[in-house]
**Student:** 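Input: one structure, supplied below.
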Amino acid sequence: MKEETEMIRLKPVFKQMIWGGNRMRAEFGYDIPGDDTGECWAISAHKNGDCEIAEGEYAGKTLSWLWNEHRELFGNIDLPVFPLLTKIIDARENLSIQVHPDDTYAGSHENGSLGKTECWYILDCDPGTNIIIGHNASTREELADMINNGRWDELIREIPVHKGDFFQIDPGTVHAIKGGTMILETQQNSDITYRVYDYGRLQGGKPRQLHVKQSIDVIRVPFTGSDASDKGIRLTAGKESEGENECRPLVRSPYYRVWKLDIAGKGSYIQDNAFLICSVIEGQGNIGRDGGKTEKIRKGDHFILPAGFGEFALEGNLSLICSSV
């Protein structure tokens, strides 16, 4: 077995946020920096949180360094930056109501940044929790009037959310998770967020910056989804096929493909993508290949299976969210 085909484990980067909590400590065993830890950047090559490689030949190097210096590990794909970013988000309190730009708007208004298309797998949420997806304005003029005059109850669209739900959040979609919700997010490699409303909260004695003009520019009007179960908006919890082991597609977008993998026993798979990001969200087990070493994996582990990794086996009782381009 060649060294370059070994799995790549990374050290997460944690972000303390005004709305963050401490559930990641108990849920995943993370050594979080405080009881206001809102985000775990688990697989990231972004300048605002570049993960270090945890072990092996490239230990101590960053993911962006590995991308730049060893593109063969990522199928030699021709992209300027590592394309994806995987996060866990723990919201003790409501996040700001926000929207993300697409590549065109971000490229021209945010110093060449990528836009931000993202999707959420709901890891857990308190009973009776809602989620904000979309809005009720019919025209851009009505949207601007509702925002500028604080008509939030009329503007904002809320729907119930449950553990195991999945949401695709395209650029231009008004969205926010509420307190008591924990998600795993797969997104473009971008950190551009426009806050529409922040509940009047203060940070350091001052309101956090809002981005009203940019938000009005990029919000899609009208919102095209009319129901929580609209195709492309939500995939409800529950199995769609029989059997102890299941690989269920969650979304295919121009930027990523995402799957949920459930193992109860042993399953064999082939990694034939440019790379495969894997996040263990439940349970524990082993990953290995014939003739190679077997490694233990557990809830809270995140790793990349590089190009050429080939056939491998997963054994145990565990669930993973996997993604690639």
**Student:** Looking only at atom types and distance, does a side-chain atom of R140 sit under 3.5 Å from a main-chain N or O of I219, one as donor and one as acceptor?
**Tutor:** yes
**Student:** Please determine which of T117, D103, T186 meets the side chain to side chain donor-acceptor pair (under 3.5 Å) test together with Y255.
**Tutor:** D103
**Student:** What pair of heavy atoms forms the shortest contact from C278 to L320, and how long is it?
**Tutor:** CB-CD2, 4.1 Å
**Student:** Would you say H135 and R220 make side-chain contact, with heavy atoms under 4.5 Å?
**Tutor:** no
**Student:** If you round to the nearest 0.5 Å, how far is OG of S113 from CD1 of I192?
**Tutor:** 4.0 Å
**Student:** Between E72 and H70, which heavy-atom pair has the shortest distance, and what is it?
**Tutor:** OE2-ND1, 2.9 Å
**Student:** Before you tell me yes or no, could you show the steps for L143 and L155 under side-chain contact (heavy atoms from CB on, under 4.5 Å), namely the whole-Å CA-CA distance, both residues' side-chain angles and the distance that decides it to 0.1 Å?
**Tutor:** CA-CA 8 Å; L143 173 77; L155 176 65; 3.8 Å; yes
**Student:** Quick one: which of K116, E110, Q98 gives a side chain to side chain donor-acceptor pair (under 3.5 Å) with Y194?
**Tutor:** E110
**Student:** Can we say R92 and D35 salt-bridge, meaning some charged N sits less than 4.0 Å from an Asp/Glu carboxylate O?
**Tutor:** no
**Student:** With N94, which residues qualify under side-chain hydrogen bond (donor to acceptor under 3.5 Å, both in side chains), at least two apart?
**Tutor:** none
**Student:** Between CD of E27 and CG of N22, what distance do you get to the nearest 0.5 Å?
**Tutor:** 10.5 Å
**Student:** L84 and I277: side-chain contact (heavy atoms from CB on, under 4.5 Å), yes or no, with the steps?
**Tutor:** CA-CA 9 Å; L84 302 182; I277 294 173; 4.1 Å; yes
**Student:** Just wondering, do M7 and E295 contact through their side chains at under 4.5 Å, heavy atoms?
**Tutor:** yes
**Student:** Under 4.5 Å between side-chain heavy atoms, counting indirect links through other Ile/Leu/Val/Met/Phe/Trp/Tyr residues: same cluster for V218 and L210 or not?
**Tutor:** yes
**Student:** Restricting to non-hydrogen atoms, name the atom on M24 and the atom on T37 that form the minimum distance, rounded to 0.1 Å.
**Tutor:** CE-O, 4.0 Å
**Student:** Go through it in stages, so that I can follow the logic: the residues are E39 and Q16, the test is side-chain contact (heavy atoms from CB on, under 4.5 Å), and I'd like the CA-CA distance, side-chain angles, deciding distance and then a yes or no.
**Tutor:** CA-CA 7 Å; E39 296 185 350; Q16 292 172 273; over 6 Å; no
**Student:** Hey, what do you get for CD1 (I132) to CD1 (I177), rounding to the nearest 0.5 Å?
**Tutor:** 10.5 Å
**Student:** Please confirm whether the backbone N or O of A42 pairs with a side-chain atom of T86, one donor and one acceptor, at under 3.5 Å?
**Tutor:** no
**Student:** Answer yes when K87 and E118 have at least one side-chain N-carboxylate O distance shorter than 4.0 Å, and no when they do not.
**Tutor:** no
**Student:** Is there a donor-acceptor contact under 3.5 Å linking the side chains of N286 and E315?
**Tutor:** no
**Student:** Does a donor on one side chain and an acceptor on the other come within less than 3.5 Å for E52 and T62?
**Tutor:** no
**Student:** In terms of side-chain geometry, is the basic nitrogen of K178 or E93 positioned less than 4.0 Å from the acidic oxygen of its partner?
**Tutor:** no
**Student:** Please tell me whether V221 and I169 are part of a single hydrophobic cluster in this structure, the criterion being side-chain heavy atoms less than 4.5 Å apart.
**Tutor:** no
**Student:** Using ring-ring contact (aromatic ring centres under 6.0 Å, His included) as the criterion, list what pairs up with F82, not counting sequence neighbours.
**Tutor:** W67, F74, F275
**Student:** Rounded to the nearest 0.5 Å, how far apart are CZ of R23 and CD1 of I88?
**Tutor:** 11.0 Å
**Student:** Hydrophobic clustering (ILVMFWY, side-chain heavy atoms < 4.5 Å, transitive) - are I43 and L73 grouped together?
**Tutor:** yes
**Student:** Taking all atoms of both residues into account, what is the closest heavy-atom pair of I156 and N136, and its distance?
**Tutor:** O-ND2, 3.5 Å
**Student:** Shared ILVMFWY cluster between I133 and M146, side chains joined below 4.5 angstrom?
**Tutor:** no
**Student:** Please tell me if the side chains of S44 and C51 come closer than 4.5 Å, counting only heavy atoms from C-beta onward.
**Tutor:** yes
**Student:** Less than 6.0 angstrom from the centroid, inside 45 degrees of the normal: does R157 satisfy that with respect to the ring of F223?
**Tutor:** no
**Student:** A quick test of your reading: do over 12 heavy atoms of other residues, nucleotides or ligands sit less than 6.0 Å from CG of N111?
**Tutor:** no
**Student:** If you define the side chain from C-beta out and look only at heavy atoms, does anything of Q168 sit under 4.5 Å from S253?
**Tutor:** yes
**Student:** Tell me, with the steps shown, if H100 and H175 meet side-chain contact (heavy atoms from CB on, under 4.5 Å).
**Tutor:** CA-CA 9 Å; H100 301 306; H175 63 276; 3.2 Å; yes
**Student:** Shortest non-hydrogen contact from I77 to R71?
**Tutor:** O-NH1, 3.0 Å
**Student:** Indicate, with yes or no, if I297 and F309 share a hydrophobic cluster defined by side-chain heavy-atom contacts under 4.5 Å among Ile, Leu, Val, Met, Phe, Trp and Tyr.
**Tutor:** yes
**Student:** Under 3.5 Å, is there a donor on one side chain and an acceptor on the other for D50 and S64?
**Tutor:** yes
**Student:** Y121 vs F166 aromatic rings, parallel, tilted or perpendicular, using cut-offs 30° and 60°?
**Tutor:** tilted
**Student:** Any salt bridge between E69 and K61, counting N to O under 4.0 Å?
**Tutor:** no
**Student:** Under a plain distance cut-off of 3.5 Å, with no hydrogens placed, do W152 and E154 share a side-chain donor-acceptor pair?
**Tutor:** no
**Student:** Please name the pair of heavy atoms, one in R208 and one in S96, separated by the smallest distance, quoted to 0.1 Å.
**Tutor:** NH2-CB, 4.0 Å
**Student:** Tell me whether N245 contacts the main-chain N or O of A264 through its side chain, where contact means a donor paired with an acceptor under 3.5 Å.
**Tutor:** yes
**Student:** According to the interplanar angle, ranging from 0 to 90°, do the rings of Y197 and Y199 count as parallel (below 30°), tilted (30 to 60°) or perpendicular (above 60°)?
**Tutor:** tilted
**Student:** Using the ring pair (Phe, Tyr, Trp, His ring centres under 6.0 Å) rule, collect all pairs that involve residues 285-308, keeping only residues at least two apart or in two chains.
**Tutor:** none
**Student:** Which residue, L261, I287, L305, L276, forms the side chain to side chain contact (heavy atoms under 4.5 Å, CB included) with Y269?
**Tutor:** L261
**Student:** Counting heavy atoms not belonging to R252, are there more than 12 under 6.0 Å from its CZ?
**Tutor:** no
**Student:** Backbone N or O of V325 within a donor-acceptor pair of the R257 side chain at under 3.5 Å?
**Tutor:** yes
**Student:** Just so I know, are the side chains of T181 and I131 near enough to count as touching, which here means a heavy-atom distance under 4.5 Å?
**Tutor:** no
**Student:** Does D301 reach the main-chain N or O of R298 with its side chain, forming a donor-acceptor pair under 3.5 Å?
**Tutor:** yes
**Student:** Taking NZ, NE, NH1 and NH2 as the nitrogens, is one of them in D198 or R195 under 4.0 Å from a carboxylate oxygen of the other?
**Tutor:** no
**Student:** Side-chain donor-acceptor pair under 3.5 Å between D262 and S319, yes or no?
**Tutor:** yes
**Student:** Can you check whether V99 reaches Q214 side chain to side chain, under 4.5 Å on heavy atoms?
**Tutor:** no
**Student:** How long is the span from the CD atom in Q187 to the SG atom in C119, to the nearest 0.5 Å?
**Tutor:** 9.5 Å
**Student:** Under 4.5 Å between any side-chain heavy atoms of W259 and E246, yes or no?
**Tutor:** no
**Student:** Do the side chains of V81 and L114 get nearer than 4.5 Å, heavy atoms only?
**Tutor:** yes
**Student:** Enter the distance from N148:CG to I216:CD1 here, rounded to the nearest 0.5 Å.
**Tutor:** 4.5 Å
**Student:** Does D31 have more than 12 heavy atoms from other residues, nucleotides or ligands lying within 6.0 Å of its CG?
**Tutor:** no
